Amino acid sequence: MIRFNVPPFVGTELDYMKEAVMSHQICGDGSFTQKCTQWMEQRFHAPKVMLTTSGSAALDMAALLCGIQPGDEVILPSFTFPSTANCFVLAGARLVFVDIRPDTMNIDETKIEAAITEKTKVICPVHYAGVACEMDTIMAIARKYHLMVVEDAAQAVMSTYKGRALGTIGDFGCYSFHETKNYSMGEGGAIVINHASYIEKAEILREKGTNRKQFFRGQVAKYNWVDFGDSYLPSDLNAAYLMAQLEKADEINAERLAVWNTYHHAFQKWQGMIELPVIPNGCRHNAHLYYIKCRDLETRQRYMQFMKDHGVLCAFHYVPLHSSPAGRKFGRFFGEDTYTTKHSDRLVRLPLYYGITAEDVKYIIEKTGAFFGNV
Ligand SMILES: *Cc1c(COP(=O)(O)O)cnc(C)c1O
């Protein structure tokens, strides 16, 4: 059986975790946490990165740092994971879903402006599959209407838009290091803070509402409860695991891209039968996932069953949030749903992970050809 995903493992994870254990520092913000955040700050030219317990927790922090008030509105795509929406709902916002573009499955930047009301506070673009949203347009709209931008870059670690790392373009960027992502610490994530003025507030929010960070830096004589907060810091054990993978980030990225390109090249000849992902000019992606779009839902189900019968596990993706019970309760779809539902029904993801063998990729391509060659 070819699995859909195998969590990344580079081999040095246990050595680093042992080092963390032996140094008697396994709580949050130890030396491995510091190494991970420094690595990301340097690599992505990010003003400040903080590790969190998950991508969802990074989004929770971002929503709170945006200062959402009950009744504020947030514009986001419906084709996304519930965490993109939950963080804003928990902060009291109403959701306004905007349609996606069919080429990238990302929010359609040309439909955002019409969805803005006097209650709109935040735009939350999601970089689906690690491919950038049209950020120049989105940032220009945000500036024009004085809105904040939270990038859900959970899938986009190591991707760029016009040379800039995803996650560093909006006010806040959120990464995930869940085991299904390109780089992992089991469960974990990070928030990128792109304006220095939010750093202190973020430190307090992340450390249970206390000014412990300032205390450790010797800026205050004792630490105190100064604002609302929660605990968003992961154990240094998890950071040690992640550091092993960040050190191999280029190798992991190159290998994933090679697999992505092999699929993409091979599937060209079935264009017409299936639709392939599009990478817009100026975007460099991280091969987070490879998907094809079948003619319709029925064909997708038959293709997935065919692959499963031949020992290959494929996966569909999101049920659009606006058609789910919580989505209906907490938000509304603005304008026409031209692509969101239809294209999510047609989309299927193929196995793609660090370490997948060339033989397995070849087999998946052959079987896909056998299916589409006969319909
Ligand atoms: C994975 C993911 C999340 C959530 O990340 P966790 O680390 O699992 O909490 C949020 N948004 C998107 C688009 C994701 O793919």
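Residues take their numbers from the sequence shown, with the count starting at 1. Read the numbers this way: they start at 1 and go in the same order the structure lists the ligands and their atoms. In this text the structure is predicted, and so the values were computed from the model without any measurement.
- Of the candidates Gly186, Ser176, Gly189, the one placing a heavy atom closest to atom 5 (O) of ligand 1 is Ser176.
- For atom 11 (N) of ligand 1, the closest non-hydrogen atom of the protein is Asp152 OD2, 2.8 Å.
- Atoms of ligand 1 lying under 4.0 Å from any heavy atom of Val126, numbered from 1 in the order shown and given with element: 13 (C).
- Phe9 CZ: more than 12 foreign heavy atoms inside a 6.0 Å radius.
- Closest to atom 3 (C) of ligand 1 among all protein heavy atoms lies Ala154 CB, 3.7 Å.
- Near Ser54, with a cut-off below 4.0 Å to any heavy atom, the atoms of ligand 1 are 7 (O), 9 (O).
- Side-chain polar atoms of His178 and Ser176 form no donor-acceptor pair below 3.5 angstrom.
- Residues Thr368 and Met307 form a side-chain contact, since some pair of their non-hydrogen atoms from C-beta on lies under 4.5 Å apart.
- Considering backbone and side-chain atoms alike, Leu59 places every N or O at 3.5 Å or more from each N or O of ligand 1.
- Taking 4.0 Å as the cut-off, Cys174 does not count as a neighbour of ligand 1 on heavy-atom distance.
- Checked options Gln34, Arg212, Glu207; the residue passing with Asp29 is Glu207 (criterion: side-chain contact (heavy atoms from CB on, under 4.5 Å)).
- A 4.5 Å side-chain heavy-atom check between Tyr354 and Asn253 finds every atom pair outside the cut-off.
- With a heavy-atom cut-off of 4.0 Å, Thr180 does not touch ligand 1 at all.
- Counting only N and O atoms by type, the side chains of Asp152 and His127 include no donor and acceptor under 3.5 Å apart.
- Here the heavy atom of the protein found nearest to atom 1 (C) of ligand 1 is Lys181 NZ, 1.7 Å.
- Regarding atom 15 (O) of ligand 1, its nearest protein heavy-atom neighbour is Gln155 NE2, 2.9 Å.
- By the 4.5 Å heavy-atom criterion applied to side chains, Asp99 and Asp337 are counted as neighbours.
- Using a 4.5 Å heavy-atom cutoff, the side chains of Ile123 and Ile141 are in contact.
- With hydrogens left out, the protein atom closest to atom 4 (C) of ligand 1 is Ser56 OG, 3.7 Å, a heavy atom.
- Looking at Thr80 next to ligand 1, no N or O pair under 3.5 Å apart turns up.
- Judged by distance alone, with hydrogens and angles left aside, the side-chain atoms of Glu275 form no donor-acceptor pair with the main-chain N or O of Lys293 at under 3.5 Å.
- Under a 4.0 Å heavy-atom criterion, Glu187 is not in contact with ligand 1.
- Listed by number with element, the atoms of ligand 1 under 4.0 angstrom from any heavy atom of Gly188 are 7 (O).
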